[in-house]
Structure formats: C-alpha cells, structure tokens
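Scroll down for the structure; my scribbles are underneath it.
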Amino acid sequence: MTDTKTAEKLFFDKTGMDRRRVQTIVGDSLKGCDDGELFLEYTQSESVTFDDGRIKSASFDTGQGFGLRAVSGETTGYAHANTLTEDAITRAGKTVSAVRAGRGGTAAEAPTTTNSRLYTDENPLPLVPFEIKVETLAAIDAYARKKDPRVKQVSASLGGSWQAVHIVRADGKAVSDIRPLVRLNVSIVVTDGKRMETGSYGSGGRVTYGEFLKPESWKASVDEALRQALVNLESVDAPGGEMTVVLGPGWPGVLLHEAVGHGLEGDFNRKKTSAFSEMMGKRVAAKGVTVIDDGTFADRRGSLSVDDEGTPTSRTVLIEDGILRGYLQDRMNARLMKMKPTGNGRRQSHAHHPMPRMTNTFMLPGTSAPDEIVRSVRRGLYAVHFGGGQVDITCGKFVFSASEAYLIEDGCITAPVRGATLIGNGPDVLTRVRQVGDDLELDEGIGTCGKDGQSVPVGVGMPTLLVDEITVGGTRS
C-alpha cells in the first residue's frame, strides 16, 4: 500500500489541518450512521495536443478538495468542497449528519488493509520536460506523413494525471493511495483523392511517460493508426441482416463491458433494474463463458490498490462457465444485499459519491484456435475494433458501431467493410457464444467508462469469440 507520509504532507502539513482533529470531526459527523468516509483528494493533470504540424492546445491543472459521505440505511448524505480546511469539513459534517433523522445505525465493518502496490508513486508530469513532449508529438506527425503520401491529417496527444487520495473513516482508520495515469493517442486521416478515412490508436496505463516516448513505442502506435486508416480506405459498404459474428481479441471486450458488465453492478441488481437481477446461480451464458473483473493487475489503467472507499480491489468472478456467480459491489450495496464488498466503489473525484463500477473486465480464454474459429464460418462478420455504442441496462439491448470489420466468406477473412453496427441484447448474446478462442488480450490502456455523469478509467479484454446470429446493421443487403 502507498506510504501515507506523502498523503499526510499534502493534506495536513501543507494545509495546516490537524490529523487528529479531522478524525474527530469525521467521527462526530458519522456517529450513528451505518457507513461513510471522508475522501481527501489532490490532483495534477496535463494534456498537450499536436495537430497538423503545430500545438493545438496545452493545459496544466491542479485541484484539491474533499467529499464527506454519511450513509444511513439506503439514504446517503454527501457534501463536498474544493477547500481543505477543518471549518469546511465541520460544516459538511453538519449537513450530511441529517441523514440519520433520529435513526440509530450500526457502523459497518471497516475495509481490510492491504500492502499491495500496483503502480509507481512517481508523479509522471514533471519527469519529462514539456519541450520533450512537444518534440515527440512533432516527430509523430513527421513520421506519419513520411510513411505514406496519402496521409492528409495527423493529430497526436499526450495526457497524464497524478492523484493523491486519503480516506478517513469514523473509527479513525485511514488509507492513502497515489495514482499515476498517462495516455498517448494518435489519429490519422488518409485520402485517395476520392474519399477520406480515419484510423486511430492509443495506449496508456498507471505508469510514467517513459515507455510511451521511446521511438519504437510511438512508431508502433503510428503504424497501427495508419494501418486502420488505409484498411478503411479500401472498405466496402457493410451488409445487413442476421449473421454469425466473430469478435477479435482485446478491445472488442468493450462490448462485453457495456452490454454485460454494467448489468452486473450491484446497485442495478439491488434495485432490480438489471436484466441479471435475481439470477444468481442460474445460467446466463453458454458453457465456456467465464467473465472476470480484476482490479489487481499491475500498471493497468483500470487497476487500483484500493477503491475510493478504501477497500482493496480484488479478482471477482462474475460469470463462471455460463453460471452467474457474483456482482460488482461497493460498500453500501453490498451491505444492503448482505454480500461482501468487492473493491468496486469508485468515484470520478471528491465532488462525486462512490458507486459500483468496473475496473478491468474481461472474458477468460477458451480452447479454440482463432484461425479455426474463422474457418468454421461460411458467411459472417469479423469485428476487430469498435467505436461508440449505447446500452439499455434494464433489458441489456445494445447498439455498437464497428470501426474496423471484415467480411468472412467460406471461412476466409475477405473485404473490409464500413458502416457496420452490431445490434442485440447482452444477456442473449452470451447464450449464443459457440466458440471461445485461446488468445485472450487486454486492451492497450485507453478505456474510459461513463455512468450517472461520472467518468473513470477502466480496462477491457476478450479472446476471439464466435457468436451465432447477431443483427448487423449495414447499408447493403
């Protein structure tokens, strides 16, 4: 676990707050409540975008604040401010304590402690001078244009953040975490004089910039973005109708994340608004389908040493060989559902309350070779990358656009297609899985998940997957 000395310097030494007095304020504010915590946060973030040979935008921000939460039964009181003073926390305590309303609660058991350190404590932002970051983005632009004369536009960006959090409970127990996060994005537009197409690629994680600024690393990102753009330049209109779909490994796991993962979050199931409500122990997917959420991978974008309630993250089996085994839980929903927290209580910042969220969500590999899966398909679609999508949690219906996809004809991957969308129902799709590949891949560290107006970094993953009869929306029959 992160050394608390760094957090104490940020939140107490530099602000003038006294640690013991703050603990007393929290204890008094949450007396008689079932749960709650004080969440202290300090962040630094930066981004620089290079577009068409020049800096398009650059920013550097710092922020700090606290959020104080009191939980009584199913009711939550929450107050936050961007000032770190004992007076502000005291005023917040008077506000949130109103949720008791004469009710006497029993304080929930505190989270377990952990010595796990899943990422570096180093702040990635000042380690590399701004000039070096700009030079790297300029080199990306030049390399892409030299690579192919059809390149019309290049946009590249570097972004990073460093977040320190300190979580204090009513019993005085506290936990700290220092969280770095960086990301490199490359987008390329190509033209053949008749049409224009785009390709993009990104990578990142809870690391410093070092690895991403190496020429061999950013050149690989440019090569992949250019490859996708050139493939799309040769694409034909996608067919429509019911067909077999093969999902490629890695990033296509975003479909699993959206169409299935959200439906397995505890709040939706406690309120019985999920398609998976009251399905525990029942078959919800084909045999061979095992879905995991794991926040304990080192350096991964979706990983956390502890969640935003102070609970260590874990490896949670959601679906095992097609049987529903678990939900993703924060502390409140776990208590109300008489289950254990899984370390999935997450919030965007101190100004937001925690709720059940995914970390790194993926399907375990099966036994089928990817090429054999493709050869088994007479006519279908091979979807490699996805763009945006929409999901209805209550019924699991989804619509996803494929940013890179190909026709499968007589067991062979043939023409690339454009305009393909996948339309279906998440729980239904899981029952239509016929083959699971042995080639599990996790995404490259670019995922961001939105829920109730909050965004948090996540990871996804999947092996090659064959699904029977998904509706494909296209422009030709």
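With 3.5 Å as the limit, one finds a donor-acceptor pair spanning the side chains of S59 and S47. N333 and R270 form a side-chain donor-acceptor contact under 3.5 Å, judged by distance and modelled atom types alone. D293 and T359 are linked by a side-chain donor-acceptor pair at a separation below 3.5 angstrom, with hydrogens and angles left out of the test. Under the 3.5 Å distance criterion, with hydrogens and angles disregarded, no donor-acceptor pair is assigned to the side chains of E320 and T290. In this model, no donor atom of one side chain and acceptor atom of the other lie less than 3.5 Å apart for S200 and N185. Side-chain N/O atoms of Q435 and S376 include a donor and acceptor closer than 3.5 Å.
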Quiz prompt | Full working for side chain to side chain contact (heavy atoms under 4.5 Å, CB included) between M243 and R379 | solution = CA-CA 7 Å; M243 65 177 67; R379 177 181 178 272; 3.7 Å; yes
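Between Y78 and H353, the ring planes lie perpendicular to each other; the angle is over 60°, past the 30° to 60° tilted range.
Side-chain atoms of Y327 and M280, non-hydrogen and from C-beta on, do get closer than 4.5 Å to each other.
Distance alone, capped at 3.5 Å, places no donor-acceptor pair between the D237 side chain and the G474 backbone. Here the side chain of E41 pairs no donor or acceptor atom with the backbone of G65 at under 3.5 angstrom. Here the side chain of E309 pairs no donor or acceptor atom with the backbone of I167 at under 3.5 angstrom. The backbone N or O of L158 sits nowhere less than 3.5 Å from a side-chain atom of Y209 that would complete a donor-acceptor pair. Checking side-chain atoms of D34 against main-chain N and O of G73 turns up a donor-acceptor pair under 3.5 Å. Between the side chain of D308 and the backbone N or O of R347, at least one donor-acceptor pair lies under 3.5 Å. Side chain of D468 to backbone of T244: no donor-acceptor contact under 3.5 angstrom is found.
Of the options L430, V391, T361, a side-chain contact (heavy atoms from CB on, under 4.5 Å) to V260 is made by L430 and by none of the others.
Every residue was checked against the side chain to side chain donor-acceptor pair (under 3.5 Å) condition with E441, not counting sequence neighbours, and none meets it.
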